[in-house]
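First comes the structure, then the notes that go with it.
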Amino acid sequence: MKLTIQGLNKTYSNGVRALQDVALTIPQGMFGLLGPNGAGKSSLMRTIATLQEADGGQILLEDTPIGTIDVLRQKDAIRRVLGYLPQEFGVYPKVSAETMLDHIASLKGISNSRERKLIVDALLEKVNLAHVKKKNLGTFSGGMKQRFGIAQALIGSPSLIIVDEPTAGLDPAERNRFHNLLSEIGENTVVILSTHIVEDVTNLCSDMAIISLGNVIAHGHPADLVASIQGKIWRKIIEKPELDNYKANHQVISTQLKGGKTQIHIYSDSPQLGFEPVEADLEDVYFSKITSHQELGVVS
Ligand code: ADP
């Protein structure tokens, strides 16, 4: 199974070109869609989840048990195999986790109440909420709500799962639990994880894309993308007032405070005076791609 996207375009009525000729092939496993705020990630996620229309293009979920599904045309078919955890996940505060999941399961077409109970209990166990299943959702912490969100997205054993910015607002322990849960989702599922947090992709994803201003600007295995910039990232500790000067003369990709001093990373094919080489990581890939794309002035 795989999801293929071709020529996907979306311009909002205010003139913002949120998706510009997006083309991607997303295989089974965990796929990271990385980009800064406003890049177009949610627009893409909502389009795949059939919650908004594209202006043009094609999205196919290929090799499913019922053949190829044309996402933009066969909305009911895709909804039956889709699990979606949106960025803003509202819960009914006065309803218990168990009752809500049971309700969502019946909406997804599981009509036998005994079967629903088995499914709901197994999911509550899986996301470690069985002990609070009678509690109202309004009493849940951010991490518990996200785990509940995953449980509802997993009802009906979806083959395509979309998770939009899942770890924003979670503390490190909750984030870790959430990551472990996501990584347990079956191998024969396409999981798209949209995030602006590079570490989420480093920890979880076997494949990824970077999106900026509605364009896909990098696509591949994280390790290959890191290898492609190895030997081209250099670092230097500078005084903060010198930053503008460095920006004028180098491609400064990131700035970090280290013990009160400013450390910069630059992208350069050749050694630069005063800079030392650094072992590149996915953050360097991300920031070098984003800065060079935005410097090109490809602004919508
Ligand atoms: P991301 O999820 O990467 O933060 P979005 O897809 O939410 O990005 O937004 C992409 C661009 O489209 C942004 O410039 C945003 O302001 C704009 N946008 C998103 N939704 C709408 C909308 N409903 N109407 C108009 N502009 C929108």
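Just follow the structure's listing: the first ligand is 1, and inside any ligand the first atom is 1. The figures that follow rest on heavy atoms only: side chains count, while hydrogens, waters and symmetry mates do not.
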*Single-linkage hydrophobic cluster Leu44~Ile197, side-chain heavy atoms < 4.5 angstrom*: no
*Give a yes or no on whether a salt bridge exists between Lys134 and Glu98, defined as a side-chain N under 4.0 angstrom from a carboxylate O.*
yes
_Protein non-hydrogen atoms only, distance under 4.0 Å: does atom 27 (C) of ligand 1 have such a neighbour?_
yes
*Run the salt-bridge test on Glu199 and Arg175 with the 4.0 Å N-O cut-off and return the result as yes or no.*
yes
*Nitrogen or oxygen of Lys41 less than 3.5 angstrom from that of ligand 1*: yes
*asked:* Less than 4.0 Å is my threshold; does some heavy atom of Glu165 fall inside it relative to ligand 1?
replied: no
*Is there a donor-acceptor contact under 3.5 Å linking the side chains of Glu239 and Thr262?*
no
_Closest protein heavy atom to atom 2 (O) of ligand 1, given as residue, atom name and distance to 0.1 Å_ = Ser42 N, 2.7 Å
*Judging by distance only, is a nitrogen or oxygen of Gly40 under 3.5 angstrom from one on ligand 1?*
yes
*Would Phe275 and His250 satisfy ring pair (Phe, Tyr, Trp, His ring centres under 6.0 Å), going step by step from the backbone distance to the final call?*
CA-CA 11 Å; Phe275 282 84; His250 300 278; 5.1 Å; yes
_Main-chain N/O of Glu115 paired with Asn112 side-chain donor or acceptor, under 3.5 Å_ = yes
*Those atoms of ligand 1 less than 4.0 Å from some heavy atom in Ala18*: 12 (O)
*asked:* Tell me the protein heavy atom at minimum distance from atom 13 (C) of ligand 1, and give that distance in Å.
replied: Gly38 O, 3.7 Å
_Region of Arg17 engaging ligand 1 - heavy atom pairs below 4.0 Å_ = neither
*Determine whether more than 12 heavy atoms belonging to other residues, nucleotides or ligands lie under 6.0 Å from atom NE2 of His179.*
yes
_Please classify the Pro36 to ligand 1 contact at 4.0 Å (heavy-atom distances, strictly less than): side chain, backbone, both or neither._
backbone
*Which heavy atom of the protein is the closest neighbour of atom 15 (C) of ligand 1, given with residue, atom name and distance?*
Val16 CG1, 4.7 Å
_For atom 23 (N) of ligand 1, what is the closest protein heavy atom, and at what distance to 0.1 Å?_
Tyr12 CE2, 3.7 Å
